[in-house]
Undergrad: 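Encoded as structure tokens, here's the structure I'll be asking about.
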2 protein chains.
Amino acid sequence: MHVLDGSGNTDMAVTIRDVAKAAGVSASTVSRAFSNSELVDPRTRELVLRAAEQLGYLPNRAARGLITGRTGNLGLIVPDLANPFFPEVVKGIQARAREADYSVFLSDTDEDPSAELGLVKALAKQVDGIILCSPRMSADDMREAADCSTLVVVNRRGSNIPAITIDNVDGMRQAVAHLAALGHRRIGYVAGPRSSWSNRERQRGVRTAVAAEDAELVEIGNVPPQFEGGVAAADLVIAADVTAVIAYNDLIALGLLTRLAARGVDVPGELSVVGIDDIPMSAMFSPALTTVSIPKAQCGRAAVELLLQQLATPGVRASSRREVPAQLLVRDTTAVALPTGRGAH
Amino acid sequence: MHVLDGSGNTDMAVTIRDVAKAAGVSASTVSRAFSNSELVDPRTRELVLRAAEQLGYLPNRAARGLITGRTGNLGLIVPDLANPFFPEVVKGIQARAREADYSVFLSDTDEDPSAELGLVKALAKQVDGIILCSPRMSADDMREAADCSTLVVVNRRGSNIPAITIDNVDGMRQAVAHLAALGHRRIGYVAGPRSSWSNRERQRGVRTAVAAEDAELVEIGNVPPQFEGGVAAADLVIAADVTAVIAYNDLIALGLLTRLAARGVDVPGELSVVGIDDIPMSAMFSPALTTVSIPKAQCGRAAVELLLQQLATPGVRASSRREVPAQLLVRDTTAVALPTGRGAH
DNA sequence: CAGCAGCATGCAATCGTTTTCATCGATGTG
DNA sequence: CACATCGATGAAAACGATTGCATGCTGCTG
């Protein structure tokens, strides 16, 4: 026998009317006691709250949502939760949402861009707004999605939709400045997927920064943003005869590190490597990866913030956006360039 | 201007009555056309479906839930999404839930056991059932939680609650048999948190298996189940004078590997290391970690399966459980034991 | 003392569905 | 031909909450 909640009903819902009866008031008063607390006598309110407490009453959000039109739910769509970049973002979203008393619906598209729009539509009716993380869908689909629900996108910009982005250009500037200061004059960039907005941004940032430092840039193929992509790119990097390389993300950088070690290339002695993202793994590798860190949880919180703001000022499809800073984290994969530059041995 | 959905309403909901009007039938018929399809004339049904399609109608789940008592939602509570073990499980849950046309509410407790019960209560009204991943709460709290909602727990057993567990004992048997076959006679086990049910299971499994192989077991302190825990434990392992060590999880094993390398201990030459979990990182390390792999996505799917089953047979609080197999994955951190055993150099 | 302002509360309609019950033709049978 | 049967459909009552409106009470003012 467990301790029951006074009434003895283990599963049947206790409604607003039960509370009303227990407190000797009407249902409306109970409702008011919970929301517009100003319109009800403080004493009555206290009475109601106590009765509710005792009965273990919790408002039924679905019923409330039906009439108010607001569900208190948020949708969240990510391409792949197994990608170590996303869990931290999701945690940030979750945490901030809970603070604002919102619940979060999570959907993982498994990297299928064509599933994204469908999920938005399916979710639209059950939520007040949707956060799209690094969406892969087309710009047309984005517009259509925006017509279904209040949207905020993370890690992409365009279609006049409120967005949280990362200051990739500045991040790249920091990375390149760091390398240049170490004497590197010929720098490689291992590009991620061509279709990725982030990749284009980072590529742009690297180009600008390298030009500003008066150094030379070698762009190395588009590879999938995974460990294997880095493994595959390593030989190209060696052949490119650079003294330092920046990878589109940490996973690629880690792949590089592994293959470079296998090829007998000393990092950072012969070659410096810089990643982007700062996924937890990067600190655990040896040598620990120098990387451009992105405040992932902060991105998540900011996305919720922006969504809440959109929700609060309805009708205003203002194209608000927010850019979070990136920050270079120097660890053990970058060092001064080899004095002679190349071919030494 | 975007293509609108025929009616021109970008945000206002299209209800069952709109469809009814458009199809020239009553609301009841539309409802039936969507659910109990048998009670409606196939031709009428076709008509309704076409009208709904054209208007872009999607049933409002909240309204439906209000009357049926079933929400079509599932709750999911995890201790820490940033722990690389969980994302895969969550993906499995998500995928299976979507197949069954359920949506998933995600909550992350940030490793705070005292938050778990509160989240269960908050979620209970909005979902048909809740999946608790590796819950840290007390047994009493578990019982109370089970009174709030239909529950399935993953990675823990007890309180007569349906559970998905891993066959830790067999996993340990495989690991120990592998090591014994390589000639190891003195084996270490680096224990995880004392409060963890999994740790107790694994410890028990190792003891049994080591005894069965007639080898010697050295148990090494309880450490936090993180990389840092492994780093800290490495020196104890060296001092324990074993030729092989099994860690409570991969994160600890990876920490061991890192610190052992720093101490100049050759793995697997001088010491073999086995992890548990098979997190993605483990394959990327060098040397790649030999580990007892757990089918994480399958755990997730099984949990949903079990929950759905509980939901289908209401009232039957049968203590169903399901155990998924673990499987040893031999990679590069295990090798034959040093011939002389210890102190060699 | 009458009248009125203003506050606290209750009544009832409503949100978008499902579901029970009744209705209405059409069909089959004695 | 009349009556029971049956299948398809519609009308209306729920589900649990919110909210505009009406009501009753208190207390103040002229």
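Values in this document were obtained by computation on a predicted structure and should not be read as measured data.
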Undergrad: Just call it for A/V30: base, sugar-phosphate, or nothing, with non-hydrogen atoms closer than 4.0 Å on any strand.
TA: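 Since no nucleic acid heavy atom lies under 4.0 Å of A/V30, the category is nothing.
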
Undergrad: Where the side chain of B/R17 is concerned, which of D/dT9, D/dG16, C/dT17 is the nearest nucleotide?
TA: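 Selected nucleotide: C/dT17.
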
Undergrad: Counting distance only, does the side-chain N/O of B/R143 pair as donor-acceptor with the main-chain N or O of B/N160 below 3.5 Å?
TA: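 Such a contact is absent between B/R143 side chain and B/N160 backbone.
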
Undergrad: Would you please confirm or rule out a distance under 4.0 Å between OP1 or OP2 of D/dG10 and any side-chain N or O of B/T29?
TA: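 So the side-chain polar atoms of B/T29 do come within 4.0 Å of the phosphate oxygens OP1 or OP2 of D/dG10, strictly under.
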
Undergrad: Measuring only between side-chain heavy atoms, which start at C-beta, is B/Y57 closer than 4.5 Å to B/D18?
TA: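 Result no, sub-4.5 Å side-chain heavy-atom pair not found.
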
Undergrad: Let me check the geometry of the helix from C/dC1-D/dG30 to C/dG30-D/dC1. What is the bend angle between the axes at its two ends, five pairs each, to 10°?
TA: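 End axes: 60° apart.
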
Undergrad: Can you list the residues that meet the side-chain hydrogen bond (donor to acceptor under 3.5 Å, both in side chains) rule with A/D80, with sequence neighbours excluded?
TA: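 With neighbours one apart ignored, the set is B/K91.
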
Undergrad: What I'd like to find out is whether the side chain of B/L76 reaches to under 4.5 Å of the side chain of B/I130, using heavy atoms alone.
TA: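 They are not in side-chain contact.
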
Undergrad: Kindly assign one of parallel, tilted or perpendicular to the pair B/F105 and A/F105, based on the angle between their ring planes and the thresholds 30° and 60°.
TA: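 Aromatic pair B/F105/A/F105 classed parallel.
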
Undergrad: First locate atom CZ of B/R45, then atom CD of B/E38, and finally report the distance between them rounded to the nearest 0.5 Å.
TA: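 The distance works out to 7.5 Å.
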
Undergrad: Give one of base, sugar-phosphate or nothing for B/F34, where a contact means two heavy atoms less than 4.0 Å apart.
TA: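 B/F34: no heavy atom of the nucleic acid under 4.0 Å.
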
Undergrad: Give a yes-or-no answer on whether the side chains of B/S114 and B/D112 include a donor-acceptor pair shorter than 3.5 Å.
TA: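 Yes, a side-chain donor-acceptor pair sits under 3.5 Å.
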
Undergrad: If you compare every side-chain N and O of B/T15 against the phosphate oxygens of C/dG16 (OP1, OP2), does one of them come in below 4.0 Å?
TA: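 Result: no.
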
Undergrad: Calculate, to the nearest 0.5 Å, the distance between atoms CD and CG belonging to B/Q126 and A/L58 respectively.
TA: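 The CD atom of B/Q126 sits 9.5 Å away from the CG atom of A/L58.
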
Undergrad: Set out, line by line, the N/O atom pairs under 3.5 Å between protein and nucleotides 21-27 of chain D.
TA:
none

Undergrad: Would you please confirm or rule out a distance under 4.0 Å between OP1 or OP2 of D/dT9 and any side-chain N or O of B/S28?
TA: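 Looking at the OP1 and OP2 atoms of D/dT9, neither is under 4.0 Å from any side-chain N or O of B/S28.
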
Undergrad: Rounded to the nearest 0.5 Å, what separates atom CD1 in A/I161 from atom OG in A/S320?
TA: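 Separation between the atoms: 11.5 Å.
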
Undergrad: Specify the residue among A/E38 and B/N60 whose closest nucleotide of DNA chain C lies further upstream toward the 5′ end.
TA: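 Nearer the 5' end of the strand: A/E38.
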
Undergrad: So does A/T44 get a side-chain nitrogen or oxygen closer than 4.0 Å to the phosphate oxygens (OP1/OP2) of C/dT9?
TA: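 Answer yes for this pair, as a side-chain N or O of A/T44 is under 4.0 Å from OP1 or OP2.
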
